[in-house]
Amino acid sequence: MNRRAESNHALLWAVELANELRLPVLCYEAVTCSYPYANDRLHTFLLQGVPETSRRMRRLGIGYCFYLRRTAQDANDTLYRLAADASAVVTDDYPTFVARQHNVSAPGKLAVPYYVVDASCIVPMAAHEKREYAAYTIRPKIHRMLPEYLKPVPPVEVERDYTGQPPAWHCEVTDENIASLVASCEIDHSVAPSVSYGGGRLMAEQHLHQFLNFRLARYGKERNEPSAHATSDLSPYLHFGHIGALEVALAARAHAEAHNLAADEFLEELIVRRELAFNYARHAANPVSFDHLPQWALDTLDRHAKDAREPVYTRAQFERGETHDPLWNAAQQELLLRGKIHGYYRMYWGKKIIEWSGTHREAFETMVYLHDRYALDGRDPNTYTNILWCFGLHDRPWQERPIFGMVRFMSYDGMRRKTNSDGYRREIDHLRLTGVDPFRVQ
DNA sequence: ATCGGCTCGCGCAA
DNA sequence: TGCGCGAAGCCGAT
């Protein structure tokens with residue numbers, strides 16, 4: 001999941017192990033056509049990261065090979081074939097989606113040790129023994145441990161360069177052949193690449209620089225205002241591991257100190273709330289379920305299970321953005337076109353799906369489906385936690401009302417009052433009509 | 001524009 | 001055992 005040569009604890013650990021064993025390191029990356037909702041958008045973003053990762057790994061003396069599994073019939077044993085010639089396999093620990101299952105099933109198929117390293121979090125997931133109840137319970141623990149962990153990852157130094165030839169199945173990905181490689185895969189070609197976000201390390205670094213120089217100072221006050229473009233837009237890059245939370249946190253802190261401004265609100269979201277999400281996913285037997293909602297939320301939702309809903313929309317109506325609410329439709333269009341909804345509007349988006357679905361569980365399924373399929377920042381611990389927050393996870397009870405019970409409600413009037421919703425609608429309409437995002441970072 | 005009430009449960013101080 | 005307070009709420013009073 002952490003697909004980068006920089007600031008990567010898993011890579012550092014692999015190199016240290018290899019140096020101890022007096023062996024070279026080979027970086028292996030792959031994508032199949034069989035993960036859920038495999039489509040042009042997700043494939044393109046992932047493949048756009050490959051050329052730069054490959055260059056930077058090779059520059060470090062680390063071998064690099066990439067396997068593109070185009071059909072379900074192609075061989076699916078490249079990892080095991082590589083491992084047959086290796087002394088150990090090192091990967092990263094990740095608590096959701098395919099990686100979570102793979103890290104359970106892979107070790108049993110290997111004759112060599114299989115190590116998982118926490119390369120996603122700043123304070124390692126393992127530092128928290130139990131599932132935390134809310135942000136306020138994990139916050140003091142994280143702040144207590146931060147001085148120990150908020151430090152740059154030492155540069156990796158391999159003692160033996162990898163000199164072998166890439167395997168016959170290695171796929172050389174270039175900026176020029178990505179479109180044709182994606183077209184050659186047996187995947188869903190109906191979900192087009194994002195109009196706003198290109199994948200890869202260079203794009204991730206561009207977004208970080210844009211954020212530090214033009215947005216961070218406004219983040220505290222304007223992060224909930226989509227037309228202000230005051231957020232980092234880094235979530236797709238963090239999800240695909242093209243950039244790491246640790247290096248982003250260090251860069252934000254350094255920039256804030258150098259320019260005498262506060263990065264507190266940004267660091268709160270990047271560290272405390274993100275790591276609360278990883279803590280939830282790690283300790284949940286099934287993170288994509290209601291199983292771990294707080295009891296007060298389960299009880300209150302249960303008491304309101306049979307409340308009348310009006311209107312009720314089908315999954316297809318939600319998917320096409322065909323509700324009566326122009327703000328909700330705009331948020332859905334942002335998901336369809338950009339592959340990411342502005343953070344504040346995503347909460348509203350989720351709350352309204354609850355309000356306009358036949359049952360709470362159906363609402364949950366719809367939200368998970370739409371994010372798994374369309375969101376570049378989907379399938380991430382953050383995504384599932386954000387969806388479940390709409391049902392009360394990590395939140396507190398509020399005044400009881402229909403359908404939601406004591407789960408927090410969000411209103412159309414509130415969004416109108418608190419944000420420039422007309423500006424947001426205009427921006428998304430422009431995106432839909434022209435297919436061009438004027439805010440795209442080049 | 002700002003404030004308290006709504007409501008529950010966790011962590012911490014006593 | 002009591003108290004403060006919480007991931008982005010709403011509503012009504014001032």
Side-chain angles (χ1 to χ4, degrees), chain A residues 128-145 218-232 235 238 245 263-281 283 287 292-304 307 325 327-328 331 334 340-355 360 363 367 371 377 380-421 424:
Chain A
H128 309 285
E129 281 176 19
K130 63 179 193 83
R131 197 164 80 73
E132 294 291 339
Y133 185 77
Y136 74 90
T137 64
I138 201 172
R139 186 177 296 115
K141 295 170 188 171
I142 287 177
H143 281 288
R144 220 175 294 137
M145 289 185 273
R218 297 183 289 123
Y219 184 86
K221 285 217 183 318
E222 298 185 65
R223 65 183 181 280
N224 285 353
E225 174 54 66
S227 66
H229 292 271
T231 59
S232 73
S235 61
L238 288 166
D264 297 3
E265 291 94 343
F266 178 67
L267 293 175
E268 161 75 11
E269 304 219 4
L270 177 70
I271 304 175
V272 174
R273 298 189 195 175
R274 180 170 180 274
E275 304 209 348
L276 177 62
F278 276 79
N279 169 270
Y280 160 75
H283 287 97
H292 303 273
L293 285 181
Q295 197 58 49
W296 69 262
L298 289 170
D299 292 344
T300 197
L301 289 174
D302 212 40
R303 281 197 293 277
H304 290 269
D307 289 4
D325 178 348
L327 299 191
W328 193 92
E334 186 174 29
K340 182 169 95 56
I341 308 177
H342 182 273
Y344 192 57
Y345 267 74
R346 182 163 71 169
M347 297 179 196
Y348 178 71
W349 175 92
K351 293 291 188 185
K352 291 300 163 190
I353 293 179
I354 296 175
E355 194 175 336
H360 296 127
M367 290 158 75
H371 266 79
D377 56 4
D380 191 280
N382 264 313
T383 319
Y384 298 122
T385 306
N386 284 326
I387 290 171
L388 285 164
W389 174 84
C390 295
F391 295 87
L393 181 69
H394 299 153
D395 203 9
R396 48 181 285 206
W398 300 89
Q399 180 105 353
E400 191 156 8
R401 58 155 59 229
I403 304 173
F404 289 83
M406 290 184 298
V407 170
R408 185 196 300 262
F409 178 74
M410 289 176 80
S411 72
Y412 177 84
D413 289 343
M415 298 304 279
R416 294 279 294 168
R417 192 171 59 247
K418 283 184 261 186
T419 71
N420 175 8
S421 54
Y424 180 62

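Note on naming: letters A, B, ... go to the chains in the order of the sequence lines (proteins, then strands), and numbering restarts at 1 for each one.
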Item to complete: Identify, with sequence neighbours excluded, every residue that meets ring-ring contact (aromatic ring centres under 6.0 Å, His included) alongside A/H143.
Response: none
Practice prompt. Go through the structure and list residues passing side-chain hydrogen bond (donor to acceptor under 3.5 Å, both in side chains) with A/N224, not counting sequence neighbours.
Written response: none
Worksheet entry | Qualifying residues under salt bridge (Lys or Arg N to Asp or Glu O under 4.0 Å), relative to A/E275, sequence neighbours excluded | none
Item to complete: Provide, to the nearest angstrom, the distance between the CZ atom belonging to A/R139 and the P atom belonging to C/dG4.
Response: 19 Å
Worksheet, complete the sentence: Applying salt bridge (Lys or Arg N to Asp or Glu O under 4.0 Å) to A/R396 and not counting sequence neighbours gives none
Item to complete: Would you mind classifying the nucleic acid contact of A/E269 as base, sugar-phosphate or nothing, using non-hydrogen atoms under 4.0 angstrom?
Response: base
Discussion item. Using a heavy-atom cut-off of 4.0 Å across all strands, would you classify A/T385 as base, sugar-phosphate, or nothing?
Written reply: base
Worksheet item: Taking atom C1' of C/dA7 as reference, at what distance in whole Å does atom CD of A/E275 sit?
Response: 16 Å
Write out a two-atom table: protein N or O, nucleotide N or O from nucleotides 10-12 of chain B, distance below 3.5 Å.
| unit_1 | atom_1 | unit_2 | atom_2 | d |
| --- | --- | --- | --- | --- |
| B/dC10 | O4' | A/Y136 | OH | 3.4 |
| B/dG11 | OP1 | A/K130 | NZ | 3.2 |

Fill in: Contact pattern, 5' to 3', of nucleotides 9-14 of chain C - B, S or - by protein heavy atom under 4.0 Å
BS----
Worksheet item: With sequence neighbours left out, what residues match A/F266 under ring-ring contact (aromatic ring centres under 6.0 Å, His included)?
Response: A/F211, A/Y219
Worksheet item: What would the secondary structure line of DNA chain C be in dot-bracket form, counting Watson-Crick and G-U wobble pairs under 3.5 Å, with [ ] for pairs that cross earlier ones and | for pairs with another strand?
Response: ||||||..||||||
Worksheet item: Who passes side-chain hydrogen bond (donor to acceptor under 3.5 Å, both in side chains) against A/W398, sequence neighbours left out?
Response: none
Worksheet item: Partners of A/F409 by ring-ring contact (aromatic ring centres under 6.0 Å, His included), sequence neighbours excluded?
Response: A/F404
Fill in: Partners meeting ring-ring contact (aromatic ring centres under 6.0 Å, His included) with A/F391 (sequence neighbours left out)
A/F290, A/F364
Discussion item. Run the salt bridge (Lys or Arg N to Asp or Glu O under 4.0 Å) test against A/E268 and tell me which residues pass, sequence neighbours left out.
Written reply: A/R139, A/R273
